[in-house]
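Before any comments, here is the structure.
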Protein chains: 2
Amino acid sequence: MNIGDASTRSGLPPKTIRYYEDIKLILPLRDSNGYRAFRDSDVHKLTFLGRARALGFTIEDCRSLLALWEDKERASADVRQIARDNLKIIEGKISDLIRMRETLSHLVEACAGDHRPDCPILERLGKLDEDTDTGQAADKRKVAG
Amino acid sequence: MNIGDASTRSGLPPKTIRYYEDIKLILPLRDSNGYRAFRDSDVHKLTFLGRARALGFTIEDCRSLLALWEDKERASADVRQIARDNLKIIEGKISDLIRMRETLSHLVEACAGDHRPDCPILERLGKLDEDTDTGQAADKRKVAG
DNA sequence: ATGGGGCTTCCAGTAGCTGGAGGGTCAAGG
DNA sequence: CCTTGACCCTCCAGCTACTGGAAGCCCCAT
């Protein structure tokens, strides 16, 4: 199976598949003409990767999950730990984003949005006195986006 | 004022400040020794930028907002439009992340997390039959993170 | 033989910084 | 006057997870 078919079946773009080979997440065979030759097991892995990525797992998480997936002796606790860590990260991003949404939606509502220059949004961003810093919880964490 | 003080006052790391100068968000003066010389207005802009970034605005948004902030003839509608677009993006990210959290938390709960290899998480990721793709809504949008 | 699509590699760029090397500057202390 | 240490400078590289594009080979149908 060539990369085009593997792409269709796994739902991942060819570019992404080549990238995954590059970083050694998959190791497809090669035909004599140099074309990648995907086995069903490769496609299966790609599908796995697509789903894991869609659930927010990083590439390195995926590498670990894939190894655990292939290890029939694995302990489910290992998998669960990775998933829980990811869940924590996702929850952190959600609360950061919700805080942003709160602030931003209040500001948007407060802004007349007409031809006049008066704008609570800019006032808030430029205010000198108060500490209007909105990023308290976003200290170390990379805020989603 | 040197970059260290500007950093302390604005809350942004020196590296970030240099980067902002690099991409021309700010244009501090220079002392004869080559050190950047920050005016109060520069620090004020940096603070503005820090707050805008904390609210999820992109660098290019920030550039526009800064221009509007300086333009005393601006229409508040222009500011509001940028803020609303950002709000939409944030809301999209939130719903993607909430979908991920849903799926992931169910899976984590379903997983025994012990020494045994049975694991619903891996089963779900590797399943062959059903379309368990979780990323329907995340098509084009870059899912937060 | 020619055309078109698919495949290959490699290079560069995206966003928004961050880390580090290698070196200049400045004020205080000995 | 010299050293020490905290600053500051520039430039290059790297992070995540791809994506776009150029240049060129391969294969099949007409």
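Order of the sequence lines sets the chain letters (A, B, ...), proteins ahead of strands, with each chain counted from 1. This structure is a prediction, so every number in the text was calculated from the model and none was measured.
- Helix-axis bend for the helix from C:dA1-D:dT30 to C:dG30-D:dC1: the local axis fitted to the five terminal pairs at one end deviates from that at the other end by 30°, rounded to 10°.
- Across residues 27-38 of chain A, A:N33, A:Y35 each have a non-hydrogen atom less than 4.0 Å from an atom of DNA chain D (numbered order).
- Note: OH (A:Y19) to P (C:dC7) measures 21 Å, nearest angstrom.
- In this view, B:D61 satisfies the salt bridge (Lys or Arg N to Asp or Glu O under 4.0 Å) rule with no residue, not counting sequence neighbours.
- Rounded to an integer number of Å, the gap from CG of A:D5 to C1' of C:dG6 is 11 Å.
- Rounded to a whole Å, the CG atom of B:D22 is 12 Å from the P atom of D:dC12.
- Under the side-chain hydrogen bond (donor to acceptor under 3.5 Å, both in side chains) criterion, the residue pairs touching residues 15-27 of chain B are B:E21-B:R30, B:E21-B:R36, with sequence neighbours excluded.
- Within the model, atoms CD of B:E60 and CG of B:L25 stand 7.5 Å from one another, a figure rounded to the nearest 0.5 Å.
- Between A:L125 and B:R51, the shortest heavy-atom distance links the atoms O-NH1, 3.0 Å.
- In this structure, the CD atom of B:E21 is 19 Å from the P atom of C:dG16, given to the nearest Å.
- Residue A:I3 contributes atom CD1, which lies 10 Å from atom C1' of C:dT8 at whole-angstrom precision.
- Applying the side-chain contact (heavy atoms from CB on, under 4.5 Å) test to B:A37 and every residue at least two apart in sequence or in another chain returns B:L29, B:D31.
- Rounded to an integer number of Å, the gap from CD1 of B:I23 to C1' of C:dG16 is 8 Å.
- The phosphate of C:dG16 has neither OP1 nor OP2 within less than 4.0 Å of any side-chain N or O from B:Y20.
- When the side-chain contact (heavy atoms from CB on, under 4.5 Å) test is applied to A:E73, the partners found at least two apart in sequence or on another chain are A:D71.
- Of the residues in residues 10-18 of chain B, those placing a heavy atom less than 4.0 Å from an atom of DNA chain C are B:P13, B:K15, B:T16, in numerical order.
- Phosphate contact (OP1/OP2 of D:dT16, side-chain N/O of A:R53, threshold under 4.0 Å): absent.
- The ring pair (Phe, Tyr, Trp, His ring centres under 6.0 Å) pairs that include a residue from residues 54-107 of chain A are A:H44-A:W69, A:F48-A:W69, where partners are two or more places apart or lie in different chains.
- Sorted pairs that involve residues 100-111 of chain A and meet salt bridge (charged side-chain N to carboxylate O under 4.0 Å, His left out), not counting sequence neighbours, are lacking altogether.
- The CD1-P distance, from A:I59 to D:dC15, rounds to 14 Å in whole Å.
- Applying the side chain to side chain donor-acceptor pair (under 3.5 Å) test to B:D85 and every residue at least two apart in sequence or in another chain returns B:Q81.
- Nucleotide C:dA15 holds its C1' atom 17 Å from the CZ atom of B:F57, rounded to whole Å.
- Every residue meeting the side chain to side chain donor-acceptor pair (under 3.5 Å) condition with B:D42, not counting sequence neighbours, appears here in chain and number order: B:R39.
- In this structure, the side chain to side chain donor-acceptor pair (under 3.5 Å) partners of A:R116, at least two apart in sequence or on a different chain, are A:D114.
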